[in-house]
Amino acid sequence: MRNTDEKKEFVAFIQQLRKEKGVTLSQVCHGVCSEGAVAVLEREGDWRPDRLLQECLLERLGIAAEDYIHLLDLDTYTHQEDRQHILHNIIWGDMDSAYVLLEAYEKKYLTENPLEMQFFLVMKAQIRRNQGCPEEELGRLFESAACVTISDADEGNLKDKMLSVKELDILLETERYQREGKRPNRYREIVNYIEGYGLDKVGQAKVYPKAIYYMCQSVINHSGERDGWEEETLLQYCDKGIKVLQESGRMYYLWELLELEERLVSGITEDLYRQGKWEKVQVLDRKYGEHKKWKRALERLYGEYGIHKETRNSCHLYVMQGVRCINDVIRIRRKMFGISQAKLCEGICSVKTLRRLEQKKTCTQREIAIQLLQRLGLSGEYSRTDLVTEKPEVRRLMERLREMLNKGEWEDADRLLRYVKRMVSMKIPVNRQTLEGKELLIRWREGKIDREEYCAGMKELLELSLPYSLFLTEGEKYLTEEEQTCILNWMLGMEDEAEKLQCLIRLEELYEPYIESKMIEIAWNMYEFVANNIGSTWGNMGKYDRADGYSSFLLEGCLRLRRMCKIHSCIYDRWWNYDMRRKAEIPTDKVLSDEEELSKCILFSAIVQDEYRGEFYRNKLKQLKR
């Protein structure tokens with residue numbers, strides 16, 4: 001969506017998605033905004049919903065991915081910051097602090113806004129559940145949350161409703177705490193709804209595996225209501241849920257599905273033994289034996305960090321990724337470039353307006369903020385993915401391209417990249433940085449350019465928006481994700497250790513404020529990538545304790561946030577640091593088994609379907625056994 005007229009672009013985007021679904025605007029907005037607002041939107045197309053409502057409407061139309069970058073005005077950012085502190089404390093297990101913050105949130109924000117009320121009730125239920133409250137209380141909280149935006153939440157036909165992933169999650173919890181017990185057919189209705197709704201990949205991962213788990217558990221616990229439900233059918237559902245998680249790199253209810261799958265396979269195997277069907281038993285053992293190893297590996301890793309193996313909260317549904325305050329971005333970026341306030345605002349606004357904006361004393365007009373951002377070498381987009389484009393197909397293709405690059409599928413990635421480049425404007429700097437950066441990486445990995453050409457190309461792309469010398473200087477910084485990616489990819493080819501060390505320190509400084517302010521979850525998409533690279537580089541430079549600190553923090557965060565993509569590389573980096581200490585005869589209180597650690601890497605790379613890294617770990621293990 002382009003911010004030159006964002007409110008109309010958002011309306012047009014909603015209308016396009018709505019037409020694809022074949023639903024009315026009233027259906028999309030039902031329960032979350034007034035009929036008057038809907039009428040204005042339909043009549044004039046002149047409407048700018050707040051961020052909570054915008055997110056809800058997009059989710060109701062099937063978009064729940066986390067790859068957006070959001071620049072928020074001061075009031076909206078402060079609001080989001082208060083929500084995030086509650087979420088952070090729940091995620092990291094500090095329920096007492098979360099409850100105090102939630103009470104303050106209630107006094108500050110709780111109005112007649114249905115989405116605010118729903119958030120408050122769900123967070124209260126999350127906290128109270130972890131505090132061991134009675135199920136009756138949880139049932140009342142979730143039922144109240146459901147009724148805020150969903151009419152006839154208990155018995156209504158879902159087929160005629162438009163529901164976000166958050167609302168679907170609330171329905172699952174409402175059913176879980178029904179006084180008369182969990183009903184298999186109600187769960188099946190929710191599962192069928194999700195299957196037919198066309199959620200994006202991450203959206204499916206957020207709620208579909210949970211719905212399957214609740215449904216299968218309900219069927220097993222209600223033996224008298226198992227009409228048409230065979231163990232093989234339930235097993236197929238478990239397989240589908242696990243597959244969705246693997247494809248999205250998430251672990252929501254993964255352990256639960258693996259545990260349920262193990263129980264189902266055991267029951268089916270016993271029946272087959274009694275029937276003398278030995279070949280079918282062997283087929284099941286071959287198919288599900290690997291999954292048992294996954295489950296055991298997860299249990300050991302969760303146990304190592306003292307984290308519950310069960311998914312005990314739904315906070316991942318409410319964390320908004322890629323969030324920054326426009327006031328901070330403008331202030332930090334201006335100082336980075338050494339531009340005076342008078343020079344920056346010339347022809348745009350008064351110095352007084354800019355000063356008040358930087359001091360966080362005002363929310364400036366959108367058009368003024370856009371012009372200031374563009375003068376600072378930034379996109380004028382308030383909300384966008386890694387490319388500036390209005391084509392939904394490009395977003396899906398970029399997701400596939402990232403998967404290919406992660407797996408080292410260079411030739412296929414190159415073909416797809418050329419196709420994407422024809423679909424977007426390459427005159428826009430962020431588009432060039434994103435796509436040409438990937439092109440350079442592919443060409444270098446394929447041996448088509450040497451290291452010097454690769455590094456020169458990455459520097460040129462970075463300096464489309466940020467002089468490299470400014471990045472290296474001390475002081476507070478704001479870098480776009482594209483700029484960070486250029487630097488990290490450039491560092492792969494750097495030979496000067498002193499220069500690489502300076503880059504490392506500057507990248508570390510970018511994320512220290514997030515960690516100190518307990519806001520790291522909103523930056524986790526990029527932090528995973530950056531921290532993994534920083535940790536590996538510290539290890540390569542012989543700073544093993546510092547490298548281990550990154551691996552440990554990143555591992556724990558991935559486990560708490562139920563994200564699996566970086567787990568295998570964190571385990572490998574931890575083992576590699578140990579192996580280097582051992583070879584250099586550096587004392588350590590750890591004792592790690594080479595075979596056990598590399599086997600974990602192989603298992604976790606298999607879970608996330610990273611065959612490229614899996615092959616690397618297998619070869620490493622073979623070398624050690626020689």
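Note: hydrogens, waters and symmetry copies are ignored here, and every other heavy atom, side chains too, is used.
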Taking only residues two or more places apart in sequence, or in another chain, which ones meet Phe119 in a ring pair (Phe, Tyr, Trp, His ring centres under 6.0 Å)? Tyr105, Tyr318
Just how far is it from atom CD of Gln126 to atom CG of Leu138, taken to the nearest 0.5 Å? 9.5 Å
At their closest point, which heavy atom of Cys56 faces which heavy atom of Val32, and how far apart are they? SG-CG1, 3.8 Å
Which distance, rounded to the nearest 0.5 Å, do you find between the SG of Cys565 and the CD of Glu528? 6.5 Å
Please round to the nearest 0.5 Å and tell me the distance separating atom CG of Asn313 and atom CG of Leu87. 8.5 Å
Are any of the side-chain nitrogens in Arg128 or Glu135 under 4.0 Å away from the carboxylate oxygens of its partner? no
Heavy-atom side-chain contact between Tyr550 and Asp573 under 4.5 Å: no
Where the side chain of Ser164 meets the backbone of Glu167, is there a donor-acceptor pair that is under 3.5 Å apart? yes
Measure the CG-CG distance between Leu264 and Leu235 for me, rounded to the nearest 0.5 Å. 5.5 Å
Lys292/Glu262 salt bridge by N-O under 4.0 Å criterion: no
In chain order, what residues pass the ring pair (Phe, Tyr, Trp, His ring centres under 6.0 Å) check against Tyr617, with sequence neighbours excluded? His568, Tyr572
Modelled atom types, side-chain donor and acceptor of Gln84 and Glu521, under 3.5 Å: yes
Tyr187 side chain to Arg176 backbone, donor-acceptor under 3.5 Å: yes
Could you check whether any side-chain N or O of Ser248 sits under 3.5 Å from a backbone N or O of Leu245, counting only pairs where one atom can act as donor and the other as acceptor? yes
Please check if the side chain of Ser97 supplies one atom and the backbone of Asp94 the other of a donor-acceptor pair under 3.5 Å. no
Start with the C-alpha distance between Arg140 and Glu137, add both sets of side-chain angles, then the distance that settles salt bridge (Lys or Arg N to Asp or Glu O under 4.0 Å), and finish with yes or no. CA-CA 5 Å; Arg140 289 192 297 271; Glu137 179 184 341; 5.3 Å; no
Check ion pair Arg613-Asp610 (N to O, under 4.0 angstrom): no
Can you run down the salt bridge (Lys or Arg N to Asp or Glu O under 4.0 Å) pairs that involve residues 594-607, sequence neighbours left out, and say none if there aren't any? Arg574-Glu597, Arg582-Asp594, Glu595-Lys625, Glu597-Lys600
Intermediate values then yes/no, side-chain contact (heavy atoms from CB on, under 4.5 Å), Lys166 and Leu115: CA-CA 10 Å; Lys166 297 180 184 70; Leu115 296 175; over 6 Å; no
Run the side-chain contact (heavy atoms from CB on, under 4.5 Å) check on Gln217 and Leu260 step by step: do they pass? CA-CA 8 Å; Gln217 280 285 78; Leu260 180 58; 3.8 Å; yes
Within 45° cone and under 6.0 Å: Arg581 NZ/CZ vs Tyr578 ring: no
Does the Glu256 side chain pair with the main chain of Thr311, one donor and one acceptor, at a distance under 3.5 Å? yes
To the closest 0.5 Å, what do you measure between CG (Leu561) and CG (Asn525)? 10.0 Å
Judged by modelled atom types alone, do Glu310 and Trp255 share a side-chain donor-acceptor pair under 3.5 Å? no
Parallel under 30°, tilted from 30 to 60°, perpendicular over 60°: which one fits the rings of His291 and Trp294? parallel
4.5 Å side-chain heavy-atom contact, Leu121 and Met117: yes
With a 4.5 Å limit on heavy-atom distance, are the side chains of Tyr544 and Trp576 in contact? yes
Modelled atom types, side-chain donor and acceptor of Gln282 and Trp278, under 3.5 Å: no
CD1-CD distance between Ile522 and Gln80, expressed to the nearest 0.5 angstrom: 7.5 Å
Going by heavy atoms in the side chains, are Pro209 and Leu254 under 4.5 Å from each other? no
Of all heavy-atom pairs between Leu621 and Ser599, which one has the smallest distance, and what is that distance? CD2-OG, 4.2 Å
Please report the shortest heavy-atom distance between His85 and Leu101, naming the atom on each side. O-CD1, 3.7 Å
Flag the pair Asp96 / Gln131 as yes when at least one side-chain heavy-atom distance between them is below 4.5 Å, and no otherwise. yes
Can you check side-chain contact (heavy atoms from CB on, under 4.5 Å) on Val608 and Phe604, steps first, answer last? CA-CA 6 Å; Val608 79; Phe604 281 104; over 6 Å; no
Partners meeting salt bridge (Lys or Arg N to Asp or Glu O under 4.0 Å) with Lys277 (sequence neighbours left out): none
Residues two or more places apart in sequence or in another chain: which of them pass ring pair (Phe, Tyr, Trp, His ring centres under 6.0 Å) with Tyr514? Tyr511
Determine whether a donor-acceptor pair (N or O, by modelled atom type, separation under 3.5 Å) exists between the side chain of Ser569 and the backbone of Lys566. yes
Where does the angle between the aromatic ring planes of Phe553 and Trp92 fall among parallel (under 30°), tilted (30 to 60°) and perpendicular (over 60°)? parallel
Closest heavy-atom contact between Leu554 and Cys570? CD2-SG, 3.5 Å
Could you check if a side-chain atom of Lys124 sits within less than 4.5 angstrom of a side-chain atom of Phe142, using non-hydrogen atoms only? no
Donor-acceptor contact present, side-chain Gln118 to main-chain Ala145, <3.5 Å: yes
Evaluate the criterion salt bridge (Lys or Arg N to Asp or Glu O under 4.0 Å) for residue pair Glu189 and Arg183; output intermediate values, then yes/no. CA-CA 10 Å; Glu189 185 183 5; Arg183 300 167 294 179; over 6 Å; no
State which residues pass ring pair (Phe, Tyr, Trp, His ring centres under 6.0 Å) with Phe120; sequence neighbours excluded, sorted by chain then number. none
Is it the case that the side chain of Asp579 and the backbone of Trp575 share a donor-acceptor pair, with hydrogens and angles ignored and the cut-off at 3.5 Å? no
List the atom of Gly539, the atom of Asn577, and the distance in Å for their closest heavy-atom pair. CA-OD1, 3.6 Å
Looking at His316 versus Tyr252, is the centre-to-centre ring distance below 6.0 Å? yes
May I ask you to decide if Ile607's main-chain N or O and Gln246's side chain share a donor-acceptor pair within less than 3.5 Å? yes
Got a salt bridge between Arg400 and Glu409, using NZ or NE/NH1/NH2 to carboxylate O under 4.0 Å? yes
Asp548 backbone acceptor or donor facing Ser552 side chain under 3.5 Å: no
Here the pair of heavy atoms bringing Gly614 nearest to Ser605 is CA-OG, 3.3 Å
Check whether any side-chain heavy atom of Leu559 sits under 4.5 Å from a side-chain heavy atom of Met251, and report yes or no. yes
Pair Arg263 + Glu259: basic N to acidic O under 4.0 Å: yes
List the steps, then state whether side-chain contact (heavy atoms from CB on, under 4.5 Å) holds for Val100 with Asn89. CA-CA 10 Å; Val100 171; Asn89 281 288; over 6 Å; no
Indicate yes or no: does Lys295 engage Glu261 in a salt bridge with an N to O separation below 4.0 Å. no
Side chain to side chain, Leu598 and Ile571, heavy atoms closer than 4.5 Å: no
